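The analysis underlying the following values was restricted to heavy atoms, covering all of them including side chains, and did not include hydrogens, waters or symmetry mates. Lettering follows sequence order; numbering is per chain, from 1. Please read these numbers as outputs of a predicted model, since none were measured by experiment.
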Amino acid sequence: MRPAKRKCGTSGFESNEETILKKVKNMTKLRKQKPAKDNSNEKQQQEEYHCWLMKSEPESRIEKGIDMKFGIEDLMAQPNQTACWDGVRNYQARNFMRTMKIGQRAFFYHSNCKEPGIAGIVKIVKEAYADHTQFDEKNPHFDSYSSQDNPRWSMVDVQFIRRLKRYISLSELKKLHLNHKTSEGPLKNMALFTRARLSVQPLTQGF
DNA sequence: GCCAACGTTGGC
DNA sequence: GCCAACGTTGGC
């Protein structure tokens with residue numbers, strides 16, 4: 001059954017900046033700190049992240065004959081407005097996906113496009129499992145070193161929740177980030193800037 | 001284990 | 001389309 005398309009809810013991002021900041025602050029706050037151990041390079045395992053940012057390209061780009069386009073509208077058009085997040089080929093991004101739990105939320109970020117920025121919110125509806133595209137020779141993300149017995153790459157399923165009431169562009173986020181670096185604001189450690197090239201990331205850096 | 005060369009990401 | 005940043009590969 002396909003649920004009726006959601007309207008942009010009234011609980012959405014308001015159009016004023018204060019409320020956006022409050023929201024981000026709240027989402028950031030949900031990050032839970034496990035009891036600290038002294039081994040600092042285990043930090044990533046010690047810390048549980050609850051809110052994510054996942055990048056996808058909303059504009060057509062052909063790679064080995066396959067269109068990489070997958071914007072938020074493409075997600076909305078899927079059955080159940082749900083899609084698997086295949087194609088991640090970076091270990092850190094993969095590892096983050098492997099820690100994702102059902103029900104957690106992520107910002108859907110539009111990358112490599114005219115106006116990069118956050119377009120909407122999705123939720124994790126299936127936890128990490130093998131990414132089938134790694135076994136498909138015709139797929140741009142085929143990995144000949146991976147095996148069915150021991151798959152190297154994982155993916156999760158995400159479901160559309162809603163668009164943001166207004167698109168939050170990268171340039172706006174960057175301004176906030178720069179301000180927050182001096183004012184100790186909530187976007188001070190936003191991974192979008194501290195780990196710019198990661199395609200799957202927790203909202204704020206702590207790793 | 002170092003690090004140069006190479007490949008990819010993604011803003012601009 | 002350029003290219004900076006940075007992750008990966010592989011020679012040594």
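Nucleic acid contact for A:K174: sugar-phosphate only, since backbone atoms but no base atoms lie under 4.0 Å from a heavy atom of the residue. Backbone-only contact: A:Y109 has heavy atoms under 4.0 Å from sugar-phosphate atoms and none from a base.
Judged purely by distance below 3.5 Å, without hydrogens or angles, the side chains of A:R94 and A:S154 never pair a donor atom with an acceptor atom. A donor and an acceptor atom, one from each side chain of A:D67 and A:S60, are located under 3.5 Å apart. Looking at A:Q134 and A:R89, their side chains never bring a donor and an acceptor atom within 3.5 Å of each other.
With DNA chain C read from its 5' end, the first of the two nearest nucleotides for A:A196 and A:N112 is the one closest to A:N112.
Nearest heavy-atom pair, A:K55 versus A:S111, reported as atom, atom and distance to 0.1 Å: CB-OG, 4.0 Å. Pairing each heavy atom of A:E127 with each of A:M100, the nearest pair is CG-O, 3.4 Å. Summarising the geometry of A:H110 relative to A:I72, their closest heavy-atom pair is NE2-N, 3.0 Å, with the distance given to 0.1 Å.
Screening residues 70-85 of chain A for salt bridge (Lys or Arg N to Asp or Glu O under 4.0 Å) gives A:K69-A:D74, A:E73-A:R163 as the qualifying pairs, with residues at least two apart or on separate chains.
Aromatic rings from A:F108 and A:W85 are positioned such that their centres are separated by under 6.0 Å.
Chain A approaches DNA chain B within less than 4.0 angstrom (heavy atoms of the protein), and the contacting nucleotides run 5' to 3' from B:dG7 to B:dC12.
Rounded to 10°, the helix from B:dG1-C:dC12 to B:dC12-C:dG1 has 10° between the axis fitted to its first five pairs and the one fitted to its last five.
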